[in-house]
There are 4 protein chains.
Amino acid sequence: MGQPDTMTRILDTAEVLFAERGFAETSLRNITGKAKVNLAAVNYHFGSKKSLIQAVFARYLEPFSERFHAAIDALEADYGEKVIPLEVLLETMARTVLEVPAEKHSLKVFMRLLGLAYSQAQGHLRRYIQDEFGTVFTRFVALVREATPELPDAERFWRLHFVLGTVIFTFSGLDALRDIAEKDYGEHVSVRDLVRRMSPVVVAAMNAPLPEGGLEQAESTSALVSEGKGAVN
Amino acid sequence: MGQPDTMTRILDTAEVLFAERGFAETSLRNITGKAKVNLAAVNYHFGSKKSLIQAVFARYLEPFSERFHAAIDALEADYGEKVIPLEVLLETMARTVLEVPAEKHSLKVFMRLLGLAYSQAQGHLRRYIQDEFGTVFTRFVALVREATPELPDAERFWRLHFVLGTVIFTFSGLDALRDIAEKDYGEHVSVRDLVRRMSPVVVAAMNAPLPEGGLEQAESTSALVSEGKGAVN
Amino acid sequence: MGQPDTMTRILDTAEVLFAERGFAETSLRNITGKAKVNLAAVNYHFGSKKSLIQAVFARYLEPFSERFHAAIDALEADYGEKVIPLEVLLETMARTVLEVPAEKHSLKVFMRLLGLAYSQAQGHLRRYIQDEFGTVFTRFVALVREATPELPDAERFWRLHFVLGTVIFTFSGLDALRDIAEKDYGEHVSVRDLVRRMSPVVVAAMNAPLPEGGLEQAESTSALVSEGKGAVN
Amino acid sequence: MGQPDTMTRILDTAEVLFAERGFAETSLRNITGKAKVNLAAVNYHFGSKKSLIQAVFARYLEPFSERFHAAIDALEADYGEKVIPLEVLLETMARTVLEVPAEKHSLKVFMRLLGLAYSQAQGHLRRYIQDEFGTVFTRFVALVREATPELPDAERFWRLHFVLGTVIFTFSGLDALRDIAEKDYGEHVSVRDLVRRMSPVVVAAMNAPLPEGGLEQAESTSALVSEGKGAVN
DNA sequence: AATGAATGAGTGTTCATTCAT
DNA sequence: GATGAATGAACACTCATTCAT
């Protein structure tokens with residue numbers, strides 16, 4: 001079967017190291033050294049470190065987008081005019097998310113990369129994700145909208161991101177959290193366990209009652225927030 | 001009143017830059033340049049960059065721990081033998097979280113730092129946080145346990161971290177998310193608005209029904225997870 | 001007619017880029033990229049960058065030498081035994097210089113390359129020029145010698161190079177100088193204008209009176225030079 | 001007496017290497033290696049290679065400007081209302097040009113650097129020279145103007161640059177030219193000899209008759225220029 | 001005859017840290 | 001107590017050249 005070619009070796013190594021350490025902390029020397037390819041090969045094949053980072057993402061996002069579109073097509077065919085229940089939508093997404101990295105390396109890597117893309121100052125990454133992922137996500141949101149007609153649009157937007165935070169945080173910090181859980185509760189959780197645990201939580205989160213008070217009364221009703229004098233903005 | 005002293009100037013500048021760019025992407029030159037102090041001052045006052053990062057955290061975590069302990073003391077005094085409801089516990093934590101950065105700079109910075117601590121390869125940071133924050137968090141978890149007696153311990157652990165993910169993700173990516181929300185829904189959300197919105201979601205998440213099937217049947221019952229052949233570990 | 005072949009495309013592109021930026025600042029990637037040929041084509045067709053530089057020169061110098069020989073032949077035929085006046089000699093050279101690049105790209109390119117050959121550490125270039133251009137130049141100098149019998153040989157040598165400096169400097173820095181002239185005097189000068197302007201100056205320079213004092217008294221008579229204590233060597 | 005400090009060592013070494021090879025062909029490693037200083041010292045002291053190049057120039061241009069101003073002051077004081085003759089002006093400039101490098105290292109280096117600044121694509125250098133040298137040069141041109149009232153301004157501009165070309169070309173290629181002269185004419189010329197030789201040539205060049213034909217008849221009168229069909233622009 | 005892939009040596013620059021003062 | 005100078009190691013990236021096909 002032989003060695004995978006240079007580009008693949010670089011991508012395989014890069015995604016692991018990026019996930020382990022972050023982008024800035026991973027040097028091209030780290031990557032090329034571990035991948036046993038020439039240092040200049042990265043710039044030859046990808047042009048720059050920035051482009052390599054994008055290429056690492058592309059390997060996940062492109063098949064994910066494609067499959068997710070297909071999965072949504074299938075759902076729409078199944079349900080016809082009927083509303084697709086929220087549970088089914090989320091389940092479908094989860095299944096697709098899990099499928100793609102399964103063929104590559106690991107969910108953790110994918111999530112870690114997503115998390116880094118949000119939390120690190122990689123503007124170009126966020127833009128790339130928006131471009132690549134935007135259309136299918138918009139489609140998904142439209143279906144979620146039908147499944148949650150009682151939610152105002154803005155509310156739905158925020159809840160989806162609350163949930164996204166849960167997913168990304170959990171899976172990107174998977175090792176650390178798993179270590180603690182194992183130490184404290186003596187149980188080793190698999191990704192499947194976690195998804196099973198996450199499922200009702202996410203559904204409940206999306207279906208939570210609206211906050212008390214209309215938006216226009218925001219300031220007055222919530223007891224949750226003290227009046228910080230300072231720079232809480 | 002004059003200038004704040006060198007150490008404070010360094011800390012003030014560092015926390016902003018760390019939050020904006022991440023740890024690796026922020027050089028000591030960036031910090032000392034912006035803070036208008038000598039380059040060697042960081043190593044002089046803090047010993048190393050690593051220690052500076054910890055010092056930046058300490059400024060948040062120490063008062064946070066202290067206040068959180070105090071808030072819990074107050075709650076326990078109030079409720080005596082009675083169980084403190086989950087809503088009250090979460091509300092108390094939220095209030096404390098918001099109070100501390102309010103006196104310093106911004107919630108966003110604090111959350112960003114927390115998020116980075118989890119997502120970046122800063123093992124020393126995670127350890128530090130555990131040390132500093134562990135005891136009060138344990139105390140908090142014990143009260144949450146009383147408030148959610150139906151939850152298995154492990155389940156509670158994970159749900160708390162699911163929720164932590166929501167909070168950290170939302171606030172550390174605040175600017176980006178706010179931009180999108182403003183563009184798409186034409187509304188500017190304050191931190192207070194967000195907390196108000198997050199509140200019922202978080203409560204619902206904690207109170208969600210248990211996943212179907214016992215833990216021992218994990219593999220068999222969930223329809224959420226496909227059987228990836230690959231490296232989903 | 002179609003595209004010119006690969007070698008020509010490389011030469012055409014290289015001469016422009018060399019003239020614009022210099023040799024070291026022009027990479028083979030620059031050239032092959034702009035010429036839309038394969039990167040390896042330069043080494044394939046020319047063997048090395050050094051050889052390419054020489055080839056670029058050759059395209060000018062060879063036809064120039066040939067034509068200049070021919071022009072001198074014609075002059076000698078015309079004047080027979082009579083002395084060819086200096087003006088005519090210089091005019092002939094100027095005409096030939098201007099003719100050759102006219103068929104290729106531009107005078108500026110030629111001069112720039114000449115200037116670079118002198119000012120940069122391209123020993124191989126200087127040697128090449130000597131070889132290619134030496135014989136016809138010797139022939140020319142012999143005629144100049146007849147036209148300026150009063151000049152000692154060494155004096156003539158230097159004056160020809162003084163004049164060469166004028167020509168190369170002016171035309172190789174043409175764009176910069178033209179910009180200044182246009183800004184300051186509001187007139188756009190063409191190459192023809194410049195040659196017309198240069199002509200009487202060059203003739204006057206060649207015909208200038210000999211410096212006061214014989215060569216053997218060099219040290220004592222000239223008031224032009226102060227006694228630098230230093231490394232004026 | 002001890003070693004000169006790091007900055008000076010870098011400047012001393014850099015100017016020699018730049019003059020010998022050009023800017024692009026001289027690496028910071030060349031410089032720091034020969035100067036026996038740390039590689040990072042260049043960026044520490046000068047910020048960048050570009051700035052180092054400018055600093056190398058500044059060491060010549062600044063004292064030159066200063067002295068030239070002073071020399072012109074002295075001339076004006078001497079001559080009062082009377083016109084300062086062209087010879088005196090040129091002589092004064094020559095003396096100043098020779099004085100400055102004499103205290104530093106060598107005229108050749110200075111000229112070579114000047115030539116490089118014109119012939120290489122160092123836009124930032126040309127700008128720097130313009131800034132640093134512009135005012136005193138303007139002053140000088142004003143005096144030359146009085147000394148050559150018959151010359152149109154544009155004509156004077158060009159002739160000064162013709163002459164500048166002679167000077168820069170001769171001195172920056174000094175070694176090569178001197179080698180040839182020595183081989184062919186068996187005489188070793190000193191810089192003083194060269195200046196003595198150049199002097200009447202330069203004066204004659206400035207005083208040459210105006211080109212035949214007015215500017216508006218440029219095209220029609222000069223026999224010097226053939227009509228190139230091509231890109232002679 | 002021509003080229004995509006690859007490479008080793010080199011570039012300028014930045015880094016956190018150290019040290020003499 | 002504080003800092004300007006310096007440093008070795010590392011950085012991303014570019015280079016001309018080579019080579020298998």
Side-chain angles (χ1 to χ4, degrees), chain A residues 5-10 23-33 35-53, chain B residues 5-7 9-10 23-33 36-53, chain C residues 5-7 9-10 23-33 36-53, chain D residues 5-10 23-33 35-53:
Chain A
D5 70 357
T6 301
M7 285 189 70
T8 307
R9 283 232 297 290
I10 293 173
F23 300 124
E25 294 89 345
T26 303
S27 74
L28 296 188
R29 275 168 185 78
N30 290 156
I31 295 169
T32 55
K36 293 196 164 51
V37 303
N38 187 279
L39 168 62
V42 170
N43 279 290
Y44 176 74
H45 286 288
F46 299 94
S48 69
K49 186 181 182 179
K50 217 176 252 191
S51 305
L52 171 62
I53 295 175
Chain B
D5 70 355
T6 300
M7 288 188 68
R9 284 234 296 290
I10 292 174
F23 301 123
E25 294 90 346
T26 303
S27 71
L28 296 188
R29 269 168 188 77
N30 291 156
I31 296 168
T32 55
K36 293 195 165 55
V37 303
N38 187 276
L39 169 61
V42 169
N43 282 286
Y44 179 72
H45 287 290
F46 298 93
S48 71
K49 187 182 183 180
K50 214 175 257 191
S51 305
L52 171 62
I53 295 176
Chain C
D5 71 355
T6 300
M7 288 188 67
R9 283 233 296 291
I10 293 173
F23 300 123
E25 294 90 345
T26 302
S27 72
L28 296 189
R29 267 168 189 74
N30 291 155
I31 296 168
T32 54
K36 294 193 165 54
V37 303
N38 187 275
L39 168 61
V42 169
N43 282 285
Y44 178 72
H45 286 290
F46 297 93
S48 71
K49 186 181 185 180
K50 215 175 255 190
S51 305
L52 172 61
I53 294 175
Chain D
D5 70 356
T6 301
M7 285 189 68
T8 308
R9 283 233 297 289
I10 292 173
F23 301 124
E25 294 88 345
T26 303
S27 74
L28 296 188
R29 276 170 182 78
N30 290 156
I31 295 168
T32 54
K36 293 196 165 51
V37 302
N38 187 278
L39 168 60
V42 170
N43 279 290
Y44 177 73
H45 286 288
F46 300 94
S48 70
K49 186 180 183 182
K50 215 176 252 190
S51 303
L52 171 61
I53 295 176

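Every value quoted in this text rests on a predicted model; they were computed, and no experiment measured them. Note: hydrogens, waters and symmetry copies are ignored here, and every other heavy atom, side chains too, is used. First the proteins, then the strands, lettered A, B, ... as listed; each starts at 1.
The two residues D:Arg9 and D:Ala35 come nearest to each other via the heavy atoms NE-O, 2.9 Å.
When both pairing distances are held under 3.5 Å, E:dG8 makes a Watson-Crick or G-U pair with F:dC15. With a cut-off of 3.5 Å on both pairing distances, the Watson-Crick or G-U wobble partner of F:dT21 is E:dA2.
Where C:Leu28 and D:Met7 each meet DNA chain F at their nearest nucleotide, the meeting point lying more 5' is that of D:Met7.
Backbone-only engagement by D:Thr6 is indicated by non-hydrogen atom pairs under 4.0 Å involving sugar-phosphate atoms exclusively. Contacts of D:Ser48 with the nucleic acid, taken as non-hydrogen atoms under 4.0 Å apart, involve only primed sugar atoms and P, OP1 or OP2. Residue A:Thr26 is in sugar-phosphate contact alone, with no base atom involved, counting any heavy-atom pair closer than 4.0 Å across all strands shown.
With rounding to whole Å, B:Ile10 atom CD1 is found 14 Å from E:dA16 atom C1'. Rounded to whole angstrom, the span from the CZ atom of C:Phe23 across to the P atom of F:dA16 amounts to 14 Å. Straight-line distance from the NZ atom of A:Lys36 to the C1' atom of E:dA6: 18 Å, rounded to whole Å. Summarising the geometry, the separation between CG on C:Asp5 and P on E:dA2 is reported as 9 Å, rounded to the nearest angstrom. B:Ile31 has its CD1 atom 11 Å from the P atom of E:dT17, to the nearest Å. In this entry the distance linking CD of B:Glu25 with C1' of E:dT14 reads 14 Å, nearest Å. Note: CD1 (B:Ile53) to C1' (E:dA16) measures 12 Å, nearest angstrom.
Remark: C:Asn43 CG to C:Leu28 CG distance equals 6.0 Å, nearest 0.5 Å. Atom OG1 of D:Thr6 and atom OH of D:Tyr44 lie 10.0 Å apart (nearest 0.5 Å). Note that CD1 of D:Ile10 and NE2 of D:His45 are 5.5 Å apart. Values are rounded to the nearest 0.5 Å. In this structure, CE on C:Met7 lies 9.0 Å from CG on C:Leu52, to the nearest 0.5 angstrom.
In this model, a side-chain donor or acceptor of C:Arg29 finds a partner on the base of F:dA16 within 3.5 Å.
The side chain of A:His45 contributes no N or O atom lying less than 4.0 Å from OP1 or OP2 of E:dG4. For A:Asn38, no side-chain nitrogen or oxygen approaches OP1 or OP2 of E:dA6 to under 4.0 Å. OP1 or OP2 of F:dT17 has at least one side-chain nitrogen or oxygen of C:Asn43 nearer than 4.0 Å. Between D:Tyr44 and F:dA6 there is no side-chain polar atom (N or O) within less than 4.0 angstrom of OP1 or OP2. Taking only side-chain nitrogens and oxygens, A:Ser27 comes nearer than 4.0 Å to OP1 or OP2 of F:dC11.
Within the 4.5 Å cutoff, the side chain of B:Arg29 has heavy atoms near those of the B:Leu39 side chain.
Here F:dA6 is the nucleotide among E:dT13, F:dT3, F:dA6 with the atom lying nearest to any side-chain atom of B:Leu39. Comparing E:dA16, E:dC19, F:dA12 against the side chain of B:Lys49 picks out E:dA16 as the nearest.
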